Amino acid sequence: MAAKSCQEGHPTEAFGWAARDQSGVLSPFKFSRRATGEKDVAFKVLFCGICHSDLHMIKNEWGISSYPVVPGHEIVGEVTGVGSKVDKFKVGDKVGVGYMVGSCQSCDSCHDDLENYCPETIVTSGGKYHDGATTYGGFSDIMVADEHYVIRIPENLPLDAGAPLLCAGITVYSPLKYYGLDKPGMHVGVVGLGGLGHVAVKFAKAMGIKVTVISTSPKKKQEALEHLGAHSFLVSRDPDQMQAAIGTMDGIIDTVSTMHPLFPLIGLLKTQGKLVLVGAPEKPLELPVFPLIMGRKIVGGSSIGGIKETQEMIDFAAKNNITADVEVIPMDYVNTALERLSKSDVRYRFVIDIGNTLKN
């Protein structure tokens, strides 16, 4: 009976690509979306970014995946229908959905516009919705979401290069704001020049901050300085370069999601400096306490942002012409793209052209 009622509540035929098992290989998948409720926004998906966490989900590397998994949480498209009580959106609007499509809306975090920290956050892909149905992500033709979790995309923001901002963008914008690293004239380091790192450089520069890219790879120097316009570049494996930069930074945004030493990074901070981790290594990192005590330094973390802040970030990006550097691909290239992503062979974000290349 429950299955029947769930099916009755999900009458809208949908089509996408899904992983069926831990191999993580995606293939065409027919499923259904719920009917557009009174507070829902339905939209045709036009583009969807590929995030590294999609890779974790389809291969069950976090141990929480339930198959089939339709990935994708950097989703943009055009509204095709709205519920009777929707007042923020209308048919034809350009909109987006990021990492979450629900929360309890009653806890302290939700009241403080921090839905991303709600204990009952519902993730866009591979979660469980209020009615018990699995949430399917943006590697699909249509989406239906509660209007509260839908972001308005400004007219001048390109949809393809704007899509990754819904995850990568807010993940670096939020800590810059929260930790007070957004004041003009400050000096901030960005560790890792990938999907998150390259966007962090762009946001920090738009805030009037001096930016130093910190990387293990000397090959990225030209890219950091000439293409992205960072003010300086440090090779983290070069002791002389690191020594010369000791005590010069107000804060550091660390985007690296593999094992790496924190001690040299803490040394780069000024007294009362802040090292903020937004990458998520699978194993615990070693944290040296002595340099924290001697400089009253902080090591913190941050995860995406609430809906209000995500809208603020998108509007800031549109105003300052900030987009991700993307490689737009057709849907049937997705498995090759995921293989390349696992080897960091992308500059800097894959985005699937869903609207033109997803064929049922």
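Atom set for the values below is all heavy atoms of this structure, side chains included, hydrogens, waters and symmetry mates excluded. Just so it is clear, the structure is predicted and the values come from calculations on it, not from any experiment.
Phe29 is linked by a ring-ring contact (aromatic ring centres under 6.0 Å, His included) to Phe31, Tyr136, counting only residues two or more places apart in sequence or in another chain. For Pro264, the side-chain contact (heavy atoms from CB on, under 4.5 Å) partners at least two apart in sequence or on another chain are Met242, Pro261. Considering only residues two or more places apart in sequence or on other chains, Gln272 meets the side-chain contact (heavy atoms from CB on, under 4.5 Å) condition with Arg296. Shown here are the side-chain contact (heavy atoms from CB on, under 4.5 Å) partners of Asp40, two or more places apart in sequence or in another chain: Arg34, Thr36, Val144, Asp146.
At least one donor-acceptor pair closer than 3.5 Å links the side chain of Lys274 to the backbone N or O of Tyr179. Between the side chain of Asp141 and the backbone N or O of Phe15 there is at least one donor-acceptor pair closer than 3.5 Å. Here the side chain of Asn356 pairs no donor or acceptor atom with the backbone of Asp353 at under 3.5 angstrom. Panel note: side chain Ser140, backbone Gly137; a donor-acceptor pair is recorded below 3.5 Å.
Under a 4.0 Å N-O distance rule, the pair Glu223/Arg347 qualifies as a salt bridge. Ion pairing between a basic and an acidic side chain is recognised when a charged N comes within 4.0 Å of a carboxylate O; Lys221 and Glu226 show no such pairing. Using a cutoff of 4.0 Å between basic side-chain nitrogens and carboxylate oxygens, Asp325 and Lys202 are scored as salt-bridged. A salt bridge links Lys39 with Glu147: at least one charged nitrogen is closer than 4.0 Å to a carboxylate oxygen.
A heavy-atom distance below 4.5 Å is not found between the side chains of Ile142 and Val45. Using a 4.5 Å cut-off on side-chain heavy atoms (C-beta onward), Met207 and Asn320 make no contact. Between Cys167 and Glu74 the shortest side-chain heavy-atom distance falls below 4.5 Å. Residues Val334 and Trp17 are in side-chain contact: their nearest non-hydrogen atoms beyond the backbone lie under 4.5 Å apart.
At most 12 non-hydrogen atoms from other residues, nucleotides or ligands lie less than 6.0 angstrom from NZ of Lys308. The environment of Lys128 atom NZ is dense: over 12 non-hydrogen atoms of other residues, nucleotides or ligands sit within 6.0 angstrom. Other residues, nucleotides and ligands contribute at most 12 non-hydrogen atoms within 6.0 Å of the NZ atom of Lys90. By the neighbour-count criterion of 12 heavy atoms within 6.0 Å, atom NZ of Lys359 is densely surrounded, having more than that number from other residues, nucleotides or ligands. Residue-environment remark: CZ (Phe263) stays at or below the threshold of 12 foreign heavy atoms within 6.0 Å. Annotation: Tyr129, atom OH; neighbour count of heavy atoms from other residues, nucleotides and ligands within 6.0 Å is above 12. When the shell of 6.0 Å around CD of Glu13 is examined, it contains 12 or fewer heavy atoms from other residues, nucleotides or ligands. Residue-environment remark: CG (Asp345) exceeds the threshold of 12 foreign heavy atoms within 6.0 Å.
Clustering ILVMFWY residues whenever any of their side-chain heavy atoms sit less than 4.5 angstrom apart, transitively, puts Leu166 in a cluster other than the one holding Tyr348. Taking hydrophobic clusters as Ile, Leu, Val, Met, Phe, Trp and Tyr residues chained together by side-chain heavy-atom distances below 4.5 Å, Leu269 shares a cluster with Val299. The hydrophobic clustering, which links ILVMFWY residues whose side-chain heavy atoms are closer than 4.5 Å, places Ile252 and Tyr178 apart. Cluster membership check: Leu275 does not share its hydrophobic cluster with Val211, using side-chain heavy-atom separations under 4.5 Å among Ile, Leu, Val, Met, Phe, Trp and Tyr. When the side chains of ILVMFWY residues are joined at heavy-atom separations under 4.5 Å, either directly or via intervening members, Val69 and Leu341 end up in a single hydrophobic cluster.
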After noting the C-alpha distance and the side-chain angles of Glu309 and Ile304, does the key distance pass the side-chain contact (heavy atoms from CB on, under 4.5 Å) rule? CA-CA 9 Å; Glu309 189 176 47; Ile304 57 169; over 6 Å; no

Please assess Thr248 against Lys270 for the test side chain to side chain donor-acceptor pair (under 3.5 Å), listing each intermediate value before the final yes or no. CA-CA 6 Å; Thr248 61; Lys270 296 176 182 177; over 6 Å; no

List the steps and the verdict of side-chain contact (heavy atoms from CB on, under 4.5 Å) for Leu338 and Ile58. CA-CA 10 Å; Leu338 288 163; Ile58 62 174; 3.6 Å; yes

Could you walk me through whether Thr212 and Ser232 pass the side chain to side chain donor-acceptor pair (under 3.5 Å) test, one step at a time? CA-CA 5 Å; Thr212 295; Ser232 53; 2.5 Å; yes

Chi angles and distances behind the side-chain contact (heavy atoms from CB on, under 4.5 Å) call for Val95, Ile151: CA-CA 5 Å; Val95 296; Ile151 305 298; over 6 Å; no

When you look at Glu339 and Asn335, which way does the side chain to side chain donor-acceptor pair (under 3.5 Å) test go after all the steps? CA-CA 6 Å; Glu339 278 178 39; Asn335 287 308; over 6 Å; no

Test side-chain contact (heavy atoms from CB on, under 4.5 Å) on Met259 and Leu285; report intermediate values, then the result. CA-CA 7 Å; Met259 297 296 291; Leu285 299 176; 4.0 Å; yes

Quick one: do Arg237 and Ser217 satisfy side chain to side chain donor-acceptor pair (under 3.5 Å)? Show the steps, please. CA-CA 8 Å; Arg237 289 178 174 151; Ser217 171; over 6 Å; no

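Smallest separation of non-hydrogen atoms from Ile214 and Gly189: CD1-CA, 4.1 Å. Minimum interatomic distance between Met57 and Tyr67 (heavy atoms only, all atoms of both residues): O-OH, 4.0 Å.
Residues Tyr117 make up the rest of the hydrophobic cluster containing Leu114, defined by ILVMFWY side-chain heavy atoms closer than 4.5 Å, directly or through other members.
Rounding to the nearest 0.5 Å gives a distance of 12.0 Å between OH of Tyr333 and CD1 of Ile352. Rounded to the nearest 0.5 Å, atoms OG (Ser27) and CG (Asp332) are 13.0 Å apart.
Judged as a side chain to side chain donor-acceptor pair (under 3.5 Å), the pairs with a partner in residues 96-106 (not counting sequence neighbours) are, in order, Ser103-Tyr149, Gln105-Tyr149.
Residue Val172 forms a side-chain contact (heavy atoms from CB on, under 4.5 Å) with just one option from Val190, Leu165, Val201, Leu196, and that option is Leu196.
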